[in-house]
Protein chains: 2
Amino acid sequence: MTQKNVAEILKSDSILQEVHVNGWVRTFRSNRFIAINDGSTINNIQCVIDFENTPEDTLKRITTGSAVSIKGTIVESQGKGQSVEIQVSEIEILGDSNADEYPIQPKKHSFEFLRENAHLRVRTNTFSAVMRVRSKLSFAVHKYFQENGFNYVNTPIITGTDAEGAGEMFKVTNFETNKAPLTEDGKIDYSKDFFGKETSLTVSGQLEAETFAMSLGKAYTFGPTFRAENSNTTRHLAEFWMIEPEVAFMDLDGNMDLAEDFIKSVLKDVLETCKDDLAFLDQRLTQEEKSKPQAERSEMSLLNKLKFVVDNNFKRVSYTEAFDILRNSKPNKKKKFQYPINEWGADLQSEHERYLVEKHFKCPVILFDYPANIKAFYMRLNDDGKTVRAMDVLFPGIGEMVGGSQREERFDVLVDKMKALDIDEKELWWYLDLRKYGTAVHSGFGLGFERLVQFTTGMSNIRDVIPFPRTPQNAEF
Amino acid sequence: MTQKNVAEILKSDSILQEVHVNGWVRTFRSNRFIAINDGSTINNIQCVIDFENTPEDTLKRITTGSAVSIKGTIVESQGKGQSVEIQVSEIEILGDSNADEYPIQPKKHSFEFLRENAHLRVRTNTFSAVMRVRSKLSFAVHKYFQENGFNYVNTPIITGTDAEGAGEMFKVTNFETNKAPLTEDGKIDYSKDFFGKETSLTVSGQLEAETFAMSLGKAYTFGPTFRAENSNTTRHLAEFWMIEPEVAFMDLDGNMDLAEDFIKSVLKDVLETCKDDLAFLDQRLTQEEKSKPQAERSEMSLLNKLKFVVDNNFKRVSYTEAFDILRNSKPNKKKKFQYPINEWGADLQSEHERYLVEKHFKCPVILFDYPANIKAFYMRLNDDGKTVRAMDVLFPGIGEMVGGSQREERFDVLVDKMKALDIDEKELWWYLDLRKYGTAVHSGFGLGFERLVQFTTGMSNIRDVIPFPRTPQNAEF
């Protein structure tokens, strides 16, 4: 007898084949129909038992959440919703699940409740679908880069560099709390800590990835990054996974092409590989939308939104053009923006990005050539002396999906900028070396993986697309 | 004119095609032959310039490490070692490299020196080969699991759980050093830290991965893990990448099969995808071995070692059998072991593992059924009451490559074990839940990725197979 998983059985046309399957009971009705799921697919296999010849004691133990081992015959199903089912010849209860205590009942649970039970929420349809899509999307990311000649680089998580400037950092230490040794002049003696210096959790692998681009040509990171920011929103995590490609001899135009092609390719990939899960999530979102007021509902279903992104060009707009659109927009004139758009150079807020993407262009937008003074030190200065070759990719419902730039490759210009911003040259000696020895035009971007998973799955809270979210006041599990 | 990378040009049979290539100068000799590398392959493309018609100033700037843009015609090469070369029609210096200052000279550098220049060492043949193999090996890992129905799970890096027991942990905090607030009774008030509790960097994603195995069936992690141990050896890193598959309904035998099949598959994969790089590393190692005394030299070349592992079964031996072999071994009888093998139950040291693998069996060995008291709390107790269903995969020259086990799936047995070891049940409530609701046999293992890269590339120091190693007193870059 062959052991098979549920996905294999449902795909099989092996009617009358004997089969062995292990899984967990989702529902058990009429003392006869057991819906079994083993995580291999969102679909259950219906197993029909002969309750008259099954011991009463066994029947009682077939409860939601219990683990069972089933042997039987694959037959055509009489019921709706499945083509095959299993006629059970033998059932063994591997692990019980007390129906009164089991937190995951066969009913709708709030996402808040499920977050508190993150160790069990993957046993629900929604979260198993989200986590399978997340897994396939990760693989699509690796596939895209590997097939396009990129080298995966694991940049360090623990870093002694705090010049990246992307946000607040968590400290990493081996000192006993409140008992760090002091130097003679009363300062913390970091030379006695594990790494002999002050260390933190990385906020970006970009600077290190640049060293790989300037030797291997094309590199990408895909690893965890951290922000010690007290942002209790549906869009922020203290620990999240970031994708950062970096390419030598590529300018900002190439960078925009890469970002657009990358996002379209991985979405196209999962539209193929995650058909069942995405169909389920599409329906889930449509149901959820129905509870919203008409005006707040999305115009497109999840699947249509994904296909729309795959099939349409991203709109490329300079900061200056976007600024003009915003300044002349209705909400700006009617003073509906919390931050009115008056002077060129202002940083764009979420409300402005949403207006551009959701109201004005109604498609993903790439903004580029931002004012230098609102962007990071390493971005390449344009000849106008006031803008830099930066780009942000903005997505409907998500906001910033990608932030990137052409990097400042000119040693003198970079050093001047660092001086102006009081960034220690000694600390970034190695980063400057890249401009000293064989410098060249190069570019790259960062994409927050969880935002991509959010967009792909239609989940509105970022805490619901990562297995065990880390947020202020929460590091459970 | 098509822009191509060096790998494409060397593979092409497009003689007389016009081509544009960007890269870095490796060597420049006779004012005529420039060897260009762009990281796409270990091989250089020879570019032949007409020095009589090239400005003196340009010629001077063609130095090792400089970035150049070259246009020309692909022609058959007259020289040895390459089939095609480029007849240069146009050369532009993109970025200079001062020959007197550039640390990476066209000569042999010590690995110590290159570690201090980790931002540039990828520009050498050895490290570019190692890092390309590392990238391809990563992808082989993902491919193996994805093609076999596993779901990639990103387990948390910051953890509030310190019960994993795999080693010393780094603290993660947002408190100002030596200024953590105190509670009324003078203890550190962790409720005021970012996560509202004491947090550390994970030593393993296993416990969390189990929650995914017990819902999705098959899961794997591949992410960074940490050890705050003061081990200044060639085998230890404070930050390293770990691969941890976890499978429901699989026992220890299945686990051994999985580990063996996994390692063989990924090695087979890179033997195909990394031919040039592995051929180079094979030669490098052979050269290096020549400088060793005959007795210390490896019997097999790197490529032969890899093929040997792919083609031969791993030897599976119980701890008790291994114990007998060791007790009766020559070195034990002649008191050559630092830790003599006398009593059953002793933990095996590196010297014993090496004897088994390198002297006795001369192949990878899987040891299983270890004494319970030298293994972790979550390993399944055998019916003998004194051994657990643990396994270690030992590799020649590397030692422990894999550590794994069947997990204790019985609630009562697990709770008793935790009590005996003083592990807080309240902290691991969610881990115990897995045994309360639908428990089942399940197993998994952990594989230190850098040790696999070491074995694959033949590099003797683990610091040379990770881009930016973190070790005691070192977190540079």
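Source: prediction; values computed, not measured. Residue numbers begin at 1 in each chain, while the letters A, B, ... track the order of the sequences.
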Donor-acceptor pair, side chain of B/E208 and main chain of A/F468, under 3.5 angstrom:
no

Given a strict heavy-atom distance threshold of 4.5 Å, which part of A/I104 is in contact with chain B: side chain, backbone, both, or neither?
neither

Output the option from B/P467, B/G438, B/G196, B/G95 having the highest count of non-hydrogen pairs under 4.5 Å with chain A.
B/G438

Please look at A/E147 and chain B and tell me whether the side chain, the backbone, both or neither of the residue comes under 4.5 angstrom of a heavy atom of that chain.
neither

Heavy-atom proximity to chain B below 4.5 Å, by part of A/F222:
backbone

With a 3.5 Å distance limit and no angle check, can you tell me whether B/R470 reaches the backbone of A/I158 through a side-chain donor-acceptor pair?
yes

A/F175 meets the ring-ring contact (aromatic ring centres under 6.0 Å, His included) criterion, sequence neighbours left out, with none

Side chain, backbone, both or neither: which part of A/N474 has an atom under 4.5 Å from a heavy atom of chain B?
backbone

Can you name the nearest heavy-atom pair linking B/T159 to A/F477, along with the distance?
OG1-O, 4.3 Å

Counting heavy-atom pairs under 4.5 Å to chain A, which of B/N117, B/D433, B/V153, B/I466 comes out on top?
B/D433

Main chain of A/Y437, side chain of B/S97: is a donor-acceptor contact present, judged purely on distance under 3.5 Å?
no

Please answer whether the main-chain N or O of A/K179 pairs with a side-chain N or O of B/N178 as donor and acceptor at a distance below 3.5 Å.
yes

Okay, side chain of B/Q146, backbone of A/F139: is any donor-acceptor separation there less than 3.5 Å?
no

Which atoms of A/W241 are under 4.5 Å from chain B, going by heavy atoms: the side chain, the backbone, both sets, or neither?
side chain

Side chain, backbone, both or neither of A/T63 within contact of chain B (heavy atoms, under 4.5 Å)
neither

Less than 4.5 Å to any heavy atom of chain B: does that hold for the side chain of A/T199, its backbone, both, or neither?
side chain

Out of B/E176, B/M214, B/E198, return the one with the most heavy atom pairs under 4.5 angstrom to chain A.
B/M214

B/T177 versus chain A, the contacting section by heavy-atom distance below 4.5 Å
both

Ring centres under 6.0 Å, that's the criterion: do B/F194 and A/F226 meet it?
no

Please check this pair: side chain of A/Q473 against backbone of B/D193, looking for a donor-acceptor N/O pair closer than 3.5 Å.
yes

For A/R435, what residues pass the salt bridge (Lys or Arg N to Asp or Glu O under 4.0 Å) criterion, not counting sequence neighbours?
A/E210

